[in-house]
Amino acid sequence: RRRRRGWVTAPLMMLCLQGATLGLERDAWAQSSPPRGPVLQPWQKEVVYQVYPRSFADGNGDGIGDLRGMDGRVDYLKDLGVDIVWLCPVNRTTNYDNGYDVTDYLDIDSTFGTLADWDALRDALHARGLKLMMDLVLNHTSDAHPWFVQEARLKSLQQQLPKIAPKHLQVSDRAFYRGMRQLLRQQPLPAEFSAQAEPFASLAVAVADLKKTSEKATALGYPSAAEQLDGLARRYYGTPAERAAAAASHQDFYIWRDKPNDWTAVFSGSAWHYVQSVGAYYLALFSMHQPDLNWHNPAVRQQMAAVMEFWLRRGVDGFRLDSVGFIGKDQRFLDAPASDTARAGRGMQYFINQPQVHDYLRELRRVALRQTGARTVGEATFSPVEVTLEYAGLQRGELNEVFLFDHMYVDIKSDKFNAIPLQLREFKRVIGRQQTVPHGRAWIANYLENHDQLRCVSRYGDDRFYRVQSAALLGTLLLTLEGTPYIYQGQEIGMTNGTFTRIEEVDDIEARNYYTTAIHAGESPLKVMANVAARNRDNVRTVMQWDSGPFAGFSGHQPWTKVNANYQTINVAQSQADPYSVLQYYKRLIGLRKQHEVLVGGAYHDLLPLDDKLFVYSRELDGQRVVIMLNFAGSVTDVPVHLEEVLGSPPRLLFVNYPDLVDPSPAGKMQLRPWEARIYANF
Ligand code: TEU
Ligand code: CA
């Protein structure tokens, strides 16, 4: 018979297995009438592909990826077989944290294109039956966002006003208020004030300044500087009734305190930043240029709901809610308990997963998402798996699914820059809990890499000697777990970590902040740089390797970040031509998952929890059973599992990440080759 080229598929494999009397076995299972599994909704069967736009494809040749560049790659995504594209932030930004510092939620940053380009991309995706999910950065904005700029100015003004005209204020609040209104309307001051021109001249400068920064905000429908000043005037200089009304509507969009507490930011250092002219500290739980929004204020929640509505009207199909667990803060702002010695994120028990976050999410669903069917996935950083039941409980009306992080912490000692070798047992234990705790009650989002993590083949596999096998093995894990699989760009071709040797090459602010803080703390520069090289986020943000041409076919121009040196051998064009590439394997695996619901929603059971090399588990749904065997070792490993017993019938090999058709195990023994992955089924 003719040998088909490419990864082994089921029908072919069946020929090679003795005793796989399929029809008979199926009947036998039907008679045993096992308990019915959960009924899966269509959205639970979808596969998501994550695009980091800066590094995906450059359409205009400036070295930075953009929306037009993506347009040209939509067929590639369709061909891969994914259903949804999650686009990392493309809103207006200062690009300090590459889009996670938004200056305008209702527009596209010029780096990435225009709203019209976004519309075109949406149409291109929709025309192919693909959905588009946006990243919504709702915990914080950029410190250059008009909301923050205005609020800081307003607060400065508030601080400065009494200094400007203390005497006058005492003389007549009413007169001051009237004068201020006049001034806001830019009309000549009434005669009674002309003698006091000086204080109002200072005020006029402040107001003019404020107006300049707020023009954009006003155009977008936010309260103008004049309105805000008016509110301020009313609050401080109006009648008691006016003051009360103004106080209630005053826009505390951010969180300010006279004194900081000891919370530290996720990206190092104190989470509080002093503003001289305001005389107070604002909270920024990531970097100082990303002040946290005050979700306690209903006006903030309304604005964010309006942002969601804006994009829903424009045809977006869902949102990835950035750092969603951070949006509620314990309003007592207490110091962290002494037991909390974390370098980054100290005090998190007061600012992660607070009960009010659930109210806010339900409110967003009610107000903005309503019956739109839009999908939401939230990031549950630093959280135990149990939070899934709340955020993504099937009946809770909050999120569809959450990203958990505990499997990303297994190879970490004290913090993410201090790594330890992966303990497979612990990794399995954590993943096992992620699989079993939510089963039937909630839904999770599975991932092994994303724009904040490392390349999984470099981190968990062997990117030197078994790159293809280990990348395919990790793909097998990702696509045979319960939950929605998220594939990060380049993962499907087995891209590896970048190589960074000097801090100047690193753009990632988390790594740069860590570097500065650690050096200041007196740690050895060599050690610190080694940590940065091993763990920085740019490792996974090197440009997408499309072909072996200049700059890996990403751009005609020197890209904003490094191009990985191995692009000539690892790239999409090569992968498409090679029947045994990681890419071809992913395509088939995605197809396989879509054929068999057991791979999507089947109950998970770890068959070898104590093994240090093997990751072997079963899934079962409505009598269909599969066993997934993964050899996390570069050597041949015996598999102490009685397959026929587990499956209840002679096993059928559905899938394997080696090109050969024959199981090379000696008779009576099951063995896996280095980094081999197999899927067996009872059907
Ligand atoms: O990350 C949220 C987050 O909690 C981080 O701890 C993340 O786990 C960290 O970057 C890992 O190194 C989100 C975004 O995914 C990230 O890109 C942003 O920088 C961050 O929020 C701030 O918006
Ligand atoms: Ca570009």
Side-chain angles (χ1 to χ4, degrees), residues 50 52-72 86 88-91 93 95-102 108-114 117 135-142 264-268 284-293 320-327 342-345 348 351-353 377-383 402-409 412 415-417 419 445 447 449-454 486 488 507-514 531-532 534-541 543 551 554-560:
Q50 182 191 354
Y52 194 66
R54 281 182 85 77
S55 305
F56 191 63
D58 178 14
N60 66 351
D62 64 354
I64 306 175
D66 50 47
L67 296 173
R68 288 205 186 175
M70 275 190 72
D71 264 355
W86 150 29
C88 281
V90 289
N91 297 126
T93 174
N95 268 319
Y96 177 70
D97 189 17
N98 294 349
Y100 287 95
D101 52 319
V102 176
I108 299 292
D109 196 75
S110 56
T111 325
F112 302 119
T114 61
D117 293 335
D135 215 310
L136 185 61
V137 189
L138 36 60
N139 177 65
H140 44 265
T141 67
S142 163
T264 58
V266 176
F267 296 160
S268 306
L285 288 172
F286 286 87
S287 77
M288 70 172 290
H289 298 301
Q290 294 163 299
D292 279 52
L293 281 164
R320 178 257 189 191
L321 305 182
D322 183 61
S323 307
V324 72
F326 289 73
I327 63 178
R343 177 186 62 81
M348 66 172 75
F351 58 73
I352 291 188
N353 303 331
V377 52
E379 250 195 322
T381 325
F382 307 128
S383 303
V402 285
F403 294 110
L404 293 169
F405 283 75
D406 42 2
H407 62 307
M408 293 285 125
Y409 303 144
I412 283 172
D415 58 70
K416 73 167 273 185
F417 289 99
Y447 67 98
E449 70 185 55
N450 65 32
H451 67 296
D452 291 330
Q453 301 294 336
L454 299 170
Y486 281 69
Y488 176 70
D507 171 86
D508 170 14
I509 52 160
E510 182 186 36
R512 294 181 73 101
N513 287 356
Y514 157 74
N531 287 352
V532 166
R535 308 296 290 193
N536 81 75
R537 299 186 293 178
D538 292 355
N539 274 307
V540 81
R541 298 174 180 180
V543 305
F551 310 123
F554 162 79
S555 173
H557 185 279
Q558 178 72 48
W560 68 277

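Just follow the structure's listing: the first ligand is 1, and inside any ligand the first atom is 1. We number each residue from 1, following the sequence as shown.
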Check: For atom 4 (O) of ligand 1, what is the nearest protein heavy atom, given as residue, atom name and distance?
Finding: Thr381 OG1, 2.8 Å
Notebook entry, point to check: Of all the atoms in ligand 1, which lie at a distance below 4.0 Å from a heavy atom belonging to Glu379?
Noted result: 1 (O), 2 (C), 3 (C), 13 (C), 15 (O)
Next item on the list: Name all residues meeting the side chain to side chain donor-acceptor pair (under 3.5 Å) criterion together with His407; count only those two or more places apart in sequence or in a different chain, and write none if there are none.
Entry: Gln434
Next item on the list: Heavy-atom distances under 4.0 Å are what count here, so tell me which part of Val266 touches ligand 1: side chain, backbone, both or neither.
Entry: side chain
Checklist line | Shortest protein contact, atom 10 (O) of ligand 1 (heavy atom only) | finding: Arg537 NH1, 2.8 Å
Notebook entry, point to check: Of Asn95, Asp66, Asp507, which is the lone residue that meets side-chain hydrogen bond (donor to acceptor under 3.5 Å, both in side chains) with Arg54?
Noted result: Asn95
Next item on the list: Please write down residue, atom name and distance for the protein heavy atom closest to atom 8 (O) of ligand 1.
Entry: Phe405 CE2, 3.5 Å
Next item on the list: Look at atom 5 (C) of ligand 1 and say which protein heavy atom is nearest, naming residue and atom and giving the distance to 0.1 Å.
Entry: Phe286 CE2, 4.0 Å
Check: Which residue supplies the protein heavy atom nearest to atom 13 (C) of ligand 1, what is that atom called, and how far is it?
Finding: Asp322 OD1, 2.7 Å
Check: Do Asp58 and Ser555 pass the side chain to side chain donor-acceptor pair (under 3.5 Å) test, and can you show the C-alpha distance, the side-chain angles, and the key distance before you say yes or no?
Finding: CA-CA 5 Å; Asp58 178 14; Ser555 173; 2.7 Å; yes
Margin query: I need the atoms of ligand 1 closer than 4.0 Å to a non-hydrogen atom of Lys416, numbered in the order shown.
Written below: 11 (C), 12 (O)
Checklist line | Side chain proximity check, Val540 to Tyr52, heavy atoms < 4.5 angstrom | finding: no
Check: What protein N/O/S atoms are found closer than 3.0 Å to the Ca ion (ligand 2)?
Finding: Asp58 OD1, Asn60 OD1, Asp62 OD1, Ile64 O, Asp66 OD2
Checklist line | Stepwise ring pair (Phe, Tyr, Trp, His ring centres under 6.0 Å) test for Tyr447 and Phe403 | finding: CA-CA 8 Å; Tyr447 67 98; Phe403 294 110; 5.5 Å; yes
Note to self: Geometry only, no angles: is Gln453 polar-contacting ligand 1 at N/O separations under 3.5 Å?
What the structure shows: no
Item checked: Residue Phe267 vicinity, atoms of ligand 1 by number, heavy atom under 4.0 Å -> 10 (O), 19 (O)
Check: Less than 4.5 Å apart, any side-chain heavy atom of Lys416 and any of Glu510?
Finding: yes
Notebook entry, point to check: Got Val266 and Gln290 here, is their nearest side-chain heavy-atom distance under 4.5 Å?
Noted result: no
Next item on the list: Could you list which atoms of ligand 1 come closer than 4.0 Å to a heavy atom of Ser323?
Entry: 2 (C), 13 (C), 21 (O)
Next item on the list: Please verify whether a non-hydrogen atom of His140 lies at under 4.0 Å from ligand 1.
Entry: yes
Notebook entry, point to check: Would you call the rings of Phe286 and His140 parallel, tilted or perpendicular if under 30° counts as parallel and over 60° as perpendicular?
Noted result: tilted
Note to self: The criterion is side chain to side chain donor-acceptor pair (under 3.5 Å); which residues satisfy it with Arg512, sequence neighbours excluded?
What the structure shows: none
Next item on the list: Can you sort out the partners of Asn531 under side chain to side chain donor-acceptor pair (under 3.5 Å), two or more places apart, ordered by chain and number?
Entry: Asn418, Tyr514, Lys527
Margin query: If we set the cut-off at 4.0 Å for heavy atoms, which region of Arg535 has an atom near ligand 1: side chain, backbone, both, or neither?
Written below: neither
Margin query: Using salt bridge (Lys or Arg N to Asp or Glu O under 4.0 Å), reason through Asp97 and Arg537 one step at a time and then give a plain yes or no.
Written below: CA-CA 11 Å; Asp97 189 17; Arg537 299 186 293 178; 3.2 Å; yes
Note to self: Would you say that Ile108 contacts Asp117 through its side chain, given a criterion of any heavy-atom pair below 4.5 Å between the two side chains?
What the structure shows: no
Check: Which residue supplies the protein heavy atom nearest to atom 19 (O) of ligand 1, what is that atom called, and how far is it?
Finding: Asp97 OD2, 2.5 Å
Check: Do Asp62 and His557 have side-chain heavy atoms sitting under 4.5 Å apart?
Finding: no
Check: Taking side chain as C-beta onward, heavy atoms only, is Asp322 less than 4.5 Å from Leu138?
Finding: no
Next item on the list: Enumerate the atoms of ligand 1 whose separation from the nearest heavy atom of His451 is less than 4.0 angstrom.
Entry: 14 (C), 15 (O), 16 (C), 17 (O)
Margin query: Quick test: of every protein heavy atom, which one is nearest to atom 9 (C) of ligand 1, and how far off is it to 0.1 Å?
Written below: Glu510 OE2, 3.8 Å
Item checked: Residue and atom name of the nearest protein heavy atom (relative to atom 15 (O) of ligand 1), distance in Å to one decimal -> Asp452 OD2, 2.5 Å
